[in-house]
Amino acid sequence: MVQFVLNEMNDTPIPARSASFARSPAAAEFIERMGVILAEDGLPRIAGRIFALMLVTAEPLSLDQMVTRLEVSKGSVSQETRRLEQRGLLERIGLPGDRRG
């Protein structure tokens, strides 16, 4: 299974994020607002929502987990994670022993 994490571009660790916050109403509001903000900056709204989800989530997420959390199609998540990966914002990782992806 392929999963994604934020790309820590300058080797500065991202501050700890709690699992409880990632599922809170405040996190949901943040995810939606980031989608709108990044859409105003030229990215698709879903790309902004994916990026925000990764900011508030402590662990790597699979495409299926993103689809479930954001309630969008797997195709749009797949396309936009590729876009964010190409821009250096997300990093694709593989799980040891898993041959998929």
Side-chain angles (χ1 to χ4, degrees):
M1 172 186 309
V2 174
Q3 295 190 331
F4 291 86
V5 295
L6 282 174
N7 185 2
E8 296 179 23
M9 293 174 259
N10 61 3
D11 295 328
T12 302
I14 296 169
R17 300 166 298 241
S18 72
S20 61
F21 177 75
R23 297 201 178 270
S24 71
E29 178 68 20
F30 174 74
I31 290 167
E32 292 305 317
R33 285 183 184 226
M34 283 296 289
V36 171
I37 289 167
L38 290 181
E40 290 172 356
D41 207 34
L43 280 176
R45 184 169 163 239
I46 186 63
R49 292 179 68 213
I50 291 168
F51 182 68
L53 176 63
M54 298 306 298
L55 284 172
V56 300
T57 304
E59 68 280 345
L61 294 176
S62 69
L63 292 177
D64 289 332
Q65 290 169 315
M66 290 182 217
V67 165
T68 300
R69 285 291 309 279
L70 298 173
E71 299 178 342
V72 295
S73 74
K74 190 169 186 175
S76 64
V77 170
S78 177
Q79 179 178 348
E80 298 311 323
T81 52
R82 279 194 306 274
R83 182 189 314 267
L84 292 169
E85 185 179 19
Q86 289 169 347
R87 291 181 179 214
L89 298 173
L90 292 185
E91 182 179 340
R92 184 182 304 252
I93 61 170
L95 297 178
D98 192 343
R99 297 185 300 193
R100 292 179 287 174

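Predicted model only: the values in this text are computed from it and were never measured. Keep in mind that the numbers below use all heavy atoms, side chains included, and drop hydrogens, waters and symmetry copies.
Counting only residues at least two apart or on different chains, the salt bridge (charged side-chain N to carboxylate O under 4.0 Å, His left out) pairs with a member in residues 64-75 are Asp64-Lys74. Annotation: salt bridge (charged side-chain N to carboxylate O under 4.0 Å, His left out) contacts involving residues 30-46, sequence neighbours excluded, comprise Glu29-Arg33, Glu32-Arg45, Glu32-Arg49.
Contact of the Leu89 side chain with the Met54 side chain is not registered, since no non-hydrogen atoms from C-beta on lie closer than 4.5 Å. Residues Phe30 and Leu55 form a side-chain contact, since some pair of their non-hydrogen atoms from C-beta on lies under 4.5 Å apart.
A side chain to side chain contact (heavy atoms under 4.5 Å, CB included) with Val77 is found for one member of Gln65, Met66, Arg82 and no other, namely Met66.
Across Pro44 and Glu80, no two heavy atoms sit closer than the pair CG-OE1, 3.5 Å. Heavy atoms only, all atoms of each residue included: Leu53 and Thr57 are closest at O-OG1, 2.6 Å. Closest approach of Ala47 to Leu84, counting heavy atoms only: O-CD1, 3.5 Å. Between Gly48 and Leu38, the shortest heavy-atom distance links the atoms CA-CD1, 3.4 Å.
A distance of 10.5 Å separates CD1 of Ile46 from CD of Gln79, quoted to the nearest 0.5 Å. Going from atom CD1 of Ile37 over to atom CG of Leu43 covers 12.0 Å, rounded to the nearest 0.5 Å.
In this structure Thr68 satisfies the side-chain contact (heavy atoms from CB on, under 4.5 Å) test with no other residue, sequence neighbours excluded.
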